[in-house]
Amino acid sequence: MKPRKRKGAVRRTLLMAGMTAAALALLLVLTLSRVLIVRDIMVVGNRNLLSEEIITQSGVQTGDHLLGRAVTHMKENLEKNRYIQFEGYDFDYKGRLTIRINERLGEGVVRVLGIYYVIDGQGVVLECTGGDYPTNVAGPKITGFDIEENVWIIAGEKLPVSDTNQLEEMSLVLQALEETNMLARVSQLDVTNFDDLFVMTSESAKIELGDSTSLKTKLLIAREIITQREVEDDLCGARIDVSSGKKAHYIPPKLPTPTPVPTATPTIGPTATPG
């Protein structure tokens, strides 16, 4: 074969290979375009918020492409609602988009300069209720925070404490209270001293927790004591020290008055007559 004819054959072969590759790429794009269409949307992680509200907030609709603008901006859209923390999403071969969120719940109340704020378990400010104590919060009033001076408290942001360890300690106690079904029974949690954490129950009994180790065990012990003592109706003003994490030391509101021990009355003997 002459060199010119050989070059022409190579060009035709390369051209055919290029056209084939382009056709396959186009077919792949068309296939993926159909596969990556959102055909169904569901939400997991919500407790109070309706799924329909969350889907609307996300901006994603059925028929949208997975790589389109709506899905790529989903996190930004959802977290405009301070009660929503975006965790991610899943997409299956059937075209179902599963939006995973963490719904922030009011678990504590903080009073700063006479104003009440509702916060979640991580210290994110959810609401400001002014001078009125919020009645729809399941958790306690949190005391002992060292709030930074001259700093605005903004809804959607964490409480501006000087020591972020206070928020971490609070979070640990709130989590343990929820796990032991004690959250709604506690009226106050104090985080002033990390080695002397304590909570007050709705019966005005003080539970002394000590540090934040073995919190679940400590609260289970305290709960058992409360169950036993509430029958006797002597919890108001009592102290339950579970700081050891092994047993409880119960101090009733009124200590029993010691019963005096009777003693013999001394008698005066006859005066000796001098001999």
Side-chain angles (χ1 to χ4, degrees), residues 102 104-127 129 133-149 151 153 157-230 234-253 255:
N102 172 43
R104 293 190 173 100
L105 300 176
E107 294 186 28
V109 178
V110 180
R111 187 173 185 263
V112 181
L113 299 176
I115 303 298
Y116 290 102
Y117 299 90
V118 179
I119 61 175
D120 75 348
Q122 283 70 50
V124 175
V125 179
L126 300 177
E127 297 289 343
T129 60
Y133 191 93
T135 57
N136 59 342
V137 178
K141 180 181 179 181
I142 317 293
T143 57
F145 279 133
D146 185 11
I147 306 294
E148 295 182 11
E149 297 181 0
V151 175
I153 297 178
E157 298 184 5
K158 284 196 173 184
L159 197 68
V161 295
S162 300
D163 184 357
T164 56
N165 289 322
Q166 287 190 309
L167 292 180
E168 294 176 8
E169 295 289 303
M170 176 204 72
S171 182
L172 290 172
V173 178
L174 289 178
Q175 182 180 352
L177 287 169
E178 186 171 13
E179 291 174 351
T180 54
N181 295 320
M182 291 277 287
L183 187 62
R185 192 162 195 167
V186 169
S187 60
Q188 179 188 355
L189 160 61
D190 189 88
V191 294
T192 304
N193 187 339
F194 296 164
D195 293 322
D196 190 21
L197 300 168
F198 70 85
V199 297
M200 299 293 296
T201 71
S202 54
E203 299 92 352
S204 296
K206 182 180 181 181
I207 302 176
E208 299 176 351
L209 299 169
D211 60 25
S212 56
T213 59
S214 306
L215 283 172
K216 187 174 180 180
T217 300
K218 293 174 181 177
L219 287 169
L220 287 173
I221 295 172
R223 191 179 72 179
E224 184 64 23
I225 295 297
I226 290 173
T227 302
Q228 295 172 5
R229 290 287 178 170
E230 65 184 350
D234 68 342
L235 285 170
C236 183
R239 288 166 52 203
I240 306 172
D241 185 352
V242 290
S243 57
S244 69
K246 298 177 181 179
K247 60 182 180 179
H249 179 52
Y250 181 81
I251 303 174
L255 295 176

Problem set entry | Residues that S212 engages under side-chain hydrogen bond (donor to acceptor under 3.5 Å, both in side chains), provided they are two or more places apart | E169
For this session: Please name all residues satisfying side chain to side chain contact (heavy atoms under 4.5 Å, CB included) with D241, sequence neighbours left out, ordered by chain then number.
Result: E208, S243, H249
Problem set entry | By side-chain hydrogen bond (donor to acceptor under 3.5 Å, both in side chains) - contacts of N165 (at least two apart) | D163
Problem set entry | side-chain contact (heavy atoms from CB on, under 4.5 Å) evaluation trace for I142 with L159 | CA-CA 12 Å; I142 317 293; L159 197 68; over 6 Å; no
Exercise. Minimum heavy-atom separation for L126 to L105, with atom names?
Worked result: CD1-C, 3.7 Å
Problem set entry | Pairing residues for S162 by the side chain to side chain contact (heavy atoms under 4.5 Å, CB included) criterion, not counting sequence neighbours | D146, E148
Seminar exercise, completed: For T143, the side chain to side chain contact (heavy atoms under 4.5 Å, CB included) test, sequence neighbours excluded, returns K141, Q188, D190
Problem set entry | Residues that E230 engages under side-chain hydrogen bond (donor to acceptor under 3.5 Å, both in side chains), provided they are two or more places apart | R185
Problem set entry | Min side-chain heavy-atom separation L219-L209 under 4.5 Å | yes
Exercise. Which pairs with one or both residues in residues 215-228 pass salt bridge (Lys or Arg N to Asp or Glu O under 4.0 Å), sequence neighbours excluded?
Worked result: D211-K218
Exercise. Where is the tightest heavy-atom contact between P134 and T129, given as atom of each residue plus distance?
Worked result: CD-OG1, 3.5 Å
Exercise. Does the side chain of T164 reach to within under 4.5 Å of the side chain of K158, using non-hydrogen atoms?
Worked result: no
Exercise. Within a strict 4.5 Å, meaning less than it, do heavy atoms of the Y250 and L235 side chains meet?
Worked result: yes
For this session: Start with the C-alpha distance between V137 and E127, add both sets of side-chain angles, then the distance that settles side-chain contact (heavy atoms from CB on, under 4.5 Å), and finish with yes or no.
Result: CA-CA 11 Å; V137 178; E127 297 289 343; over 6 Å; no
For this session: Look up atom CD1 in I226 and atom CD1 in I221, then write down how far apart they are to the nearest 0.5 Å.
Result: 12.0 Å
For this session: Apply side chain to side chain contact (heavy atoms under 4.5 Å, CB included) to N193 and list each qualifying residue two or more places apart in sequence or on a separate chain.
Result: D195, D196
If you look only at distance, which donor and acceptor atoms sit under 3.5 Å apart when one is on a side chain in residues 107-118 and the other is two or more places apart or in another chain?
{"residue": "R111", "atom": "NE", "partner": "Y116", "partner atom": "OH", "Å": "3.4"}

Exercise. Do F145 and M170 come close enough that some side-chain heavy atom pair is under 4.5 Å?
Worked result: yes
For this session: Looking only at non-hydrogen atoms, find the nearest pair between P140 and Y133 and report the distance.
Result: C-OH, 4.3 Å
For this session: Please round to the nearest 0.5 Å and tell me the distance separating atom CG of L172 and atom CG of L197.
Result: 9.0 Å
Exercise. What residues form a side-chain hydrogen bond (donor to acceptor under 3.5 Å, both in side chains) with T201, not counting sequence neighbours?
Worked result: E203
Seminar exercise, completed: Separation between CG (L220) and CG (N181), nearest 0.5 Å, reads 9.5 Å
Seminar exercise, completed: When every non-hydrogen atom of A248 is compared with those of I225, the smallest separation belongs to CB-CG1, 3.8 Å
Problem set entry | Donor-acceptor contact present, side-chain S202 to main-chain S187, <3.5 Å | no
